[in-house]
Amino acid sequence: MTTDRTTDIWGARTPHGRGTPWPARVDLHLADGLAESDVERWVRSACVLCSNGCACDIAVRDGRMVGIRGRAGDRVNHGRLGPKGLYGSWQWQDRDRLTRPLVRDGGRLAESTWDEAMNRIVRRSRELLDEVGALSHGFYTSGQLFLEEYYTLAVIGKAGLGTPHMDGNTRLCTATAAAALKESFGADGQPGSYNDIEHCDALFLFGHNMAETQTVLWSRVLDRLDGPDPPVLVAVDPRRTAVARAAADSGGVHLAPLPGTNLALMNCLVRELLERGWTDRDYVSVHTVGLDELTATVAPYTPERTAEICGVPAADLRRAAEIFGTSPRVLSTVLQGFYQSHQATAASCQVNNLHLLRGMLGRPGCGVLQMNGQPTAENTRECGADGDLPGFRNWNNTDHVHELARLWNVDPLTIPHWSPPTHAMQIWRYAEQGSIRLLWISGTNPAVSLPQLPRIRDILRAEDLFVVVQDGFRTETTELADVVLPAALWGEKQGTFTNASRTVHLSEKAVEPPGDARSDLDIFLDYARRMDFRDRDGAPLVGWSGPEGAFAAWRECSRGRPCDYSGLSYDRLRGGSGIPWPCTDKEPDGVDRLYTDGVFPTDPGFCEDFGHDLLTGAATPPEKYQAQRPDGRAFLKAAEYVPGPEQPDADYPLRATTGRTVHHFHTRTKTGRSRRLHDAAPRPWVELSTQDADELGVAEGDLVRVESPRGAVEVPARIGTTRPGVVFLPFHYGTWDVEADHGRAANELTVTEWDPVSKQPLFKLSAVRVTKVS
Ligand SMILES: Nc1nc2c(c(=O)[nH]1)N[C@H]1C(S)=C(S)[C@@H](COP(=O)(O)OP(=O)(O)OC[C@H]3O[C@@H](n4cnc5c(=O)[nH]c(N)nc54)[C@H](O)[C@@H]3O)O[C@H]1N2
Ligand SMILES: Nc1nc2c(c(=O)[nH]1)N[C@H]1C(S)=C(S)[C@@H](COP(=O)(O)OP(=O)(O)OC[C@H]3O[C@@H](n4cnc5c(=O)[nH]c(N)nc54)[C@H](O)[C@@H]3O)O[C@H]1N2
Ligand code: SF4
Ligand SMILES: [Mo]
């Protein structure tokens with residue numbers, strides 16, 4: 001690697017024209033002093049530091065990971081890797097890892113054995129099952145384990161214990177992607193494809209800072225922007241990000257709405273399309289339901305009225321609508337600026353609506369990417385580790401429950417389906433109230449990543465909550481656990497996962513885990529064995545003992561469902577490229593775009609969900625759903641805009657939003673251990689607009705105190721990137737690497753509120769005040 005990719009984020013350009021393939025460019029980084037000829041083995045994998053899932057090979061020497069190289073032949077990245085992939089993917093391997101189970105004795109965590117740690121868990125688990133039943137058990141998992149691990153956990157939770165209290169941190173991440181896809185199209189599943197970037201004439205990024213959060217995908221966009229017939233970009237983001245700047249430079253527009261006003265903005269864009277006749281009437285009449293209600297709901301959102309709500313010029317709204325309405329091929333991406341706000345599902349559904357109204361789905365260059373964030377979030381959802389039934393089955397459809405009961409050979413009554421699965425925010429509430437008494441956390445660090453941290457710490461510390469935490473490192477969360485289980489991480493175990501455009505990769509084991517660390521799969525299997533979960537015939541409920549067996553079981557579970565893996569196997573995934581699902585005997589190479597025929601999985605017997613009222617979150621009763629006679633048509637769902645739950649006032653006059661920076665991944669357990677990435681962004685900050693900074697008398701670098709009704713942080717100021725009235729904080733910085741420093745985490749400030757449909761918390765909407773400290 002010749003350049004420093006912490007500063008040269010996207011690497012060298014390989015420009016190309018519309019409709020031509022994205023040229024390959026192979027990125028490589030090896031440990032200092034090593035040459036490619038020093039590498040003993042290259043081991044196939046894909047990067048797990050975001051949902052892009054860039055295919056790579058891990059370099060191994062002397063039993064250690066010593067580098068990484070992009071895979072040129074893979075459909076996702078054509079050889080490229082970003083700064084996190086290059087510098088954050090493996091450098092943490094020997095840095096203060098958890099190597100032995102820890103158990104809490106006399107208030108302190110002490111090293112122990114697997115037998116002792118697992119016995120404690122099993123003892124507590126049995127006691128609680130006897131005393132109060134399965135509802136005492138809650139599982140809070142991740143978007144970062146492997147498919148095989150999620151599916152195993154889902155079977156344990158649903159068919160072994162029978163608890164509905166299971167969810168992933170995907171609730172904080174892409175619950176809204178799933179919800180918006182279910183509401184509009186009947187089931188989860190990404191309609192579009194990354195290949196649409198090569199074909200689009202316009203690209204809309206809704207609340208998505210792709211330049212920092214999917215850097216390789218952004219390279220793909222930059223290569224179009226630098227080539228002949230580049231697309232026009234539209235960015236919707238209250239900050240002037242690299243995406244926003246590129247939008248302005250491309251002849252497009254940067255809309256910078258006030259946080260919490262996305263739905264008003266979207267209703268305006270939908271209204272403009274309808275008013276100006278920029279719709280495909282035939283497509284709409286044959287393939288959708290709900291046009292009348294949508295038209296009536298968006299009618300009041302004139303550009304002038306919307307301009308007032310959102311704080312953006314009416315002319316810019318008209319221009320954005322014109323670009324959407326008149327470009328031959330439009331691709332949209334949606335992410336946390338939409339998902340982590342109130343009315344998240346309603347706003348994200350309007351993106352689907354824009355595409356439905358123009359008949360722009362299932363064709364090259366015309367797609368929606370309701371993005372994922374975490375590398376394996378798709379699998380959490382598919383496998384049911386987010387509480388949903390595996391295979392995008394509908395908990396409210398008895399046939400679907402019976403299918404699973406047959407597959408697992410258990411009584412259908414064991415499988416919780418008397419109510420919707422418990423979402424993470426409610427799991428934490430039950431733990432707070434004391435009805436959940438065993439909380440098993442895997443692959444997530446809630447003591448930094450959940451909203452309103454003072455509350456989360458109190459819940460985890462409570463005497464009568466038994467907390468199990470499974471991680472590769474000591475974290476803010478492990479420190480509050482009763483039992484800590486040392487997990488093998490990426491490169492130290494085998495398994496598969498699926499990226500944001502449905503592409504499945506196999507990640508092989510490159511090296512041995514440190515000390516006694518074990519894969520999450522082995523830990524879950526060990527629990528199942530010790531608990532002696534059995535099927536109806538007395539055979540072990542979980543009939544597999546390794547990843548490939550788990551994959552085979554999942555393949556059967558997915559057969560015939562939208563996320564059909566029946567044509568996939570480990571061997572097939574060892575070919576040239578990852579393969580997108582659905583992959584069947586009929587479509588052995590997978591399917592690039594869904595809904596090419598305009599037929600959607602909305603049939604009542606097939607759909608994943610009967611939908612909700614987007615405004616209130618009330619579930620649509622099955623009879624009412626059937627009465628709409630969707631029969632394969634998509635839903636044009638609508639809702640009016642309402643202001644967010646926490647509005648600025650005299651005490652807290654500014655709107656705070658939070659998010660990411662390019663160099664770190666989440667709570668930095670990996671990227672914080674990479675010297676280069678750490679040095680590139682060693683500590684947190686807050687971004688202020690020039691106008692607000694002037695009024696507060698704050699200069700660049702000044703230490704300021706940011707306070708919400710829930711907590712405060714003190715961080716240096718950066719000036720000029722946000723719109724007036726808005727401050728932004730990166731959420732990566734907990735306290736694990738500094739001595740007893742409180743008040744660094746953005747989530748000291750955030751609020752415990754969620755979208756009524758997806759239940760995703762509102763990380764991007766709290767009221768704060770800022771004062772200068774020095
Ligand atoms: N470098 C890096 N990359 C990552 C990750 C990481 O931690 N670091 N995490 C991965 C994961 S799990 C995820 S979920 C994704 C997230 O990827 P993104 O969604 O792109 O990241 P965020 O920074 O959370 O939010 C995106 C943008 O939303 C804007 N925003 C804030 N409030 C609003 C609003 O009210 N309306 C609108 N329209 N925009 C708003 C913010 O200014 C921000 O620029 O990134 C993935 N990639
Ligand atoms: N304020 C604010 N808060 C946010 C967000 C925001 O934008 N603003 N974004 C939210 C979003 S989108 C997300 S995705 C979450 C992320 O929040 P978290 O999931 O809490 O963040 P991570 O640091 O990724 O934590 C993952 C943990 O799993 C461990 N781990 C990694 N791989 C494995 C594995 O294979 N097995 C096991 N057992 N452990 C493993 C890591 O060491 C790490 O401790 O944060 C959310 N919180
Ligand atoms: S874009 Fe995402 S998946 Fe690709 S190298 Fe970067 S962090 Fe890894
Ligand atoms: Mo996420």
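Only this structure's heavy atoms are used, side chains among them; waters, hydrogens and symmetry mates stay out. On a predicted model such as this, the values are computed, not experimentally measured, just so you know. Numbering of ligands and ligand atoms starts at 1, following listing order.
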Ring of Trp92, cation from Arg97 - is the NZ or CZ under 6.0 Å from the centre and inside 45° of the axis? no

Identify, for atom 2 (Fe) of ligand 3, the protein heavy atom at the shortest distance, and state residue, atom and that distance. Cys50 SG, 2.3 Å

Before signing off on this row, confirm whether His663 and ligand 1 have an N or O atom pair separated by under 3.5 Å. no

Among all protein heavy atoms, pick the one closest to atom 4 (Fe) of ligand 3 and tell me residue, atom and distance. Cys54 SG, 2.3 Å

Which ligand 2 atoms are under 4.0 Å away from a heavy-atom of Phe665? 24 (O)

When you measure from atom 43 (C) of ligand 1 to each heavy atom in Asp237, Leu762, Thr658, which option holds the nearest one? Asp237

Has ligand 1 got any nitrogen or oxygen that is less than 3.5 angstrom from a nitrogen or oxygen of Gln214? no

Report yes if Glu212 has an N/O atom closer than 3.5 Å to an N/O atom of ligand 1; otherwise report no. yes

Answer yes or no on whether Arg80 is positioned over the face of Trp22, meaning its NZ or CZ is under 6.0 Å from the six-membered ring centre and within 45° of the axis. yes

Show me which atoms of ligand 3 lie under 4.0 Å from any heavy atom of Val216. 1 (S), 4 (Fe)

Can you name the atoms of ligand 2, numbered from 1 with element, that are less than 4.0 Å from a heavy atom of Leu145? 34 (C), 35 (O), 36 (N), 37 (C)

Taking 4.0 angstrom as the limit and counting only heavy atoms of Gly260, give me the atoms of ligand 1 inside it, by number and element. 35 (O)

May I ask you to check if Arg744 and Tyr733 form a cation-pi contact, with NZ or CZ under 6.0 angstrom from the six-membered ring centre and within 45° of the axis? no

With heavy atoms of Leu49 as the reference, note each atom of ligand 3 found under 4.0 Å away. 7 (S)

If you compare Arg660, His666, Lys764, Arg240 by their heavy atoms, the one closest to atom 25 (O) of ligand 1 turns out to be Lys764

Within 45° of the ring axis of Phe473 and under 6.0 Å from its six-membered ring centre, is that where the NZ or CZ of Arg673 lies? yes

Within the 4.0 Å heavy-atom shell around Cys173, which atoms of ligand 2 are there? 12 (S), 14 (S)

Which heavy atom of the protein is the closest neighbour of atom 5 (S) of ligand 3, given with residue, atom name and distance? Gly82 N, 3.3 Å

Compute the shortest N/O to N/O distance between Val236 and ligand 1 and return yes if it is under 3.5 Å, no if not. yes

Go through ligand 3 atom by atom and flag the ones less than 4.0 Å from a non-hydrogen atom of Gly85. 5 (S)

Quick one: look up the protein heavy atom nearest atom 23 (O) of ligand 2 and list residue, atom name and how far away it is. Thr667 OG1, 2.5 Å

Looking only at protein heavy atoms, identify the closest one to atom 30 (N) of ligand 2 and say how far it is in Å. Leu489 CD2, 3.9 Å

Looking only at protein heavy atoms, which one is nearest to atom 41 (C) of ligand 2, and how far off is it? Thr669 OG1, 3.2 Å

Judging by distance only, is a nitrogen or oxygen of Asn262 under 3.5 angstrom from one on ligand 1? yes

What protein heavy atom sits nearest atom 8 (Fe) of ligand 3, and how far away is it? Cys47 SG, 2.3 Å

Identity and distance of the protein heavy atom lying nearest atom 28 (O) of ligand 1: Gly337 CA, 3.4 Å

Taking the ring centre of each residue, are His423 and Trp754 less than 6.0 Å apart? yes

The closest protein heavy-atom partner of atom 31 (C) of ligand 1 is Thr657 OG1, 3.0 Å

How far is atom 47 (N) of ligand 2 from the closest protein heavy atom, and which atom is that? Ser449 O, 2.8 Å

Which atoms of ligand 3 sit under 4.0 Å from any heavy atom of Lys84? 7 (S)

Could you check whether Lys493 makes a cation-pi contact with Phe146, meaning its NZ or CZ is under 6.0 Å from the centre of the six-membered ring and within 45° of the ring axis? yes

